[in-house]
Every structure is written in C-alpha cells, then in structure tokens.
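Worth saying up front: this structure is predicted, and the values here are computed from it rather than measured. Numbers here are sequence positions counted from 1. Note that these values count all heavy atoms, side chains included, but never hydrogens, waters or copies made by symmetry.
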Amino acid sequence: MGARNLTRSTILAHELEGAASLWARFLGLMGRPELAPGAGLWLPGTNGIHMLFMRFPIDCIFLGRPEPDGGRIVVGLRRALPPWRGVVWFVRGAHGVLELPAGTIAASRTELGDKIVIETSAPSG
C-alpha cells in the first residue's frame, strides 16, 4: 500500500502497512526500532493514538472518511510526536490516521484540508 497527497502531488509513503484489526491498531509501531523513510502505518477507523512503548518520534496525519472518489481530507496534523510522551486522545472528524517518519509532513508540505488517497499498491513517481 501507499499514500499520496493529491493536493500537493507528493508521496507520503510508498511502503504503507495496514493495521485494520483492533489488536493491530493497539500495537501500532510499539517496540519497533525505527520507521524507515518512505514507510508508514495506516490505522483506519481511528481518531486518536498513543506513543507508549515507542522508541522514535513520528508525524501523524488524521484523515476524514473517504469521499466518493476515495480521497480523504486532512483533519488533523501532529508533527514529531515524542516517544512515550505524546498522546492524541481525539481528533474531531478523523476516521483514520497515517503514522509516518518525523519530518514527512514538512517534506510533503501537507496541510489541513489537503486530499490524501490511500492506494492498495505503492504509489509511483
């Protein structure tokens, strides 16, 4: 899977792992040593996250429900959430979260209101 910012024509992740089950969403990135550039975790149906047992900071992009064209609007952004200390309890309108390497939001120029698409195959270009 992959994630692309349609508004900015930028790639957010070309190696996106899905975490659809309750257990997979709970585990998230806990205990992993790092998140490689271009990698990420997609947590569908989620409007909050925690950073417990995390070893590295991450950027989080909170997305709304899918629109008819499959795109999702960015409803929240959190940059460089620190390990162990960062908790985002609730983001209004969120129905999924992209967890990405710290710095991805800035590098992709992603802003509130941008349209993101989650692709079943890795994005090209």
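Residues L98 and L16 have side chains in contact (heavy-atom distance under 4.5 Å, counting atoms from C-beta outward). Side chains of L63 and V97 form no contact here, defined as non-hydrogen atoms less than 4.5 Å apart. Inter-residue side-chain proximity for W42 and E17 is flagged as unmet; no heavy-atom pair is nearer than 4.5 Å. Contact of the P57 side chain with the L81 side chain is not registered, since no non-hydrogen atoms from C-beta on lie closer than 4.5 Å.
Here R8 pairs with D114 in a salt bridge; the nearest charged N to carboxylate O distance falls below 4.0 Å. A salt bridge links R4 with E119; the closest basic N to acidic carboxylate O contact falls under 4.0 Å.
Between R79 atom CZ and L100 atom CG the span is 12.0 Å, to the nearest 0.5 Å. The OG1 atom of T7 lies 6.5 Å from the CD1 atom of I73; values are rounded to the nearest 0.5 Å. N5 contributes atom CG, which lies 12.0 Å from atom OG1 of T104 (distance to the nearest 0.5 angstrom). If you take NZ on K115 and CG on L6, they are separated by 7.0 Å, rounding to the nearest 0.5 Å. The line from CZ of F90 to CG of N47 is 5.0 Å long, rounded to the nearest 0.5 Å. Separation of atoms NE2 (H95) and CZ (R65) is listed at 4.0 Å; rounding is to 0.5 Å.
Transitive grouping of hydrophobic side chains (ILVMFWY, heavy atoms separated by less than 4.5 Å) brings L77 and L12 into a common cluster. Linking ILVMFWY side-chain heavy atoms closer than 4.5 Å, directly or via other members, places V117 and F62 in two distinct hydrophobic clusters.
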Verdict with reasoning, I61 to T110, per side-chain contact (heavy atoms from CB on, under 4.5 Å): CA-CA 9 Å; I61 301 176; T110 299; 4.1 Å; yes
So E99 and I49, side-chain contact (heavy atoms from CB on, under 4.5 Å) or not? Walk me through it. CA-CA 9 Å; E99 294 185 345; I49 57 123; 3.6 Å; yes
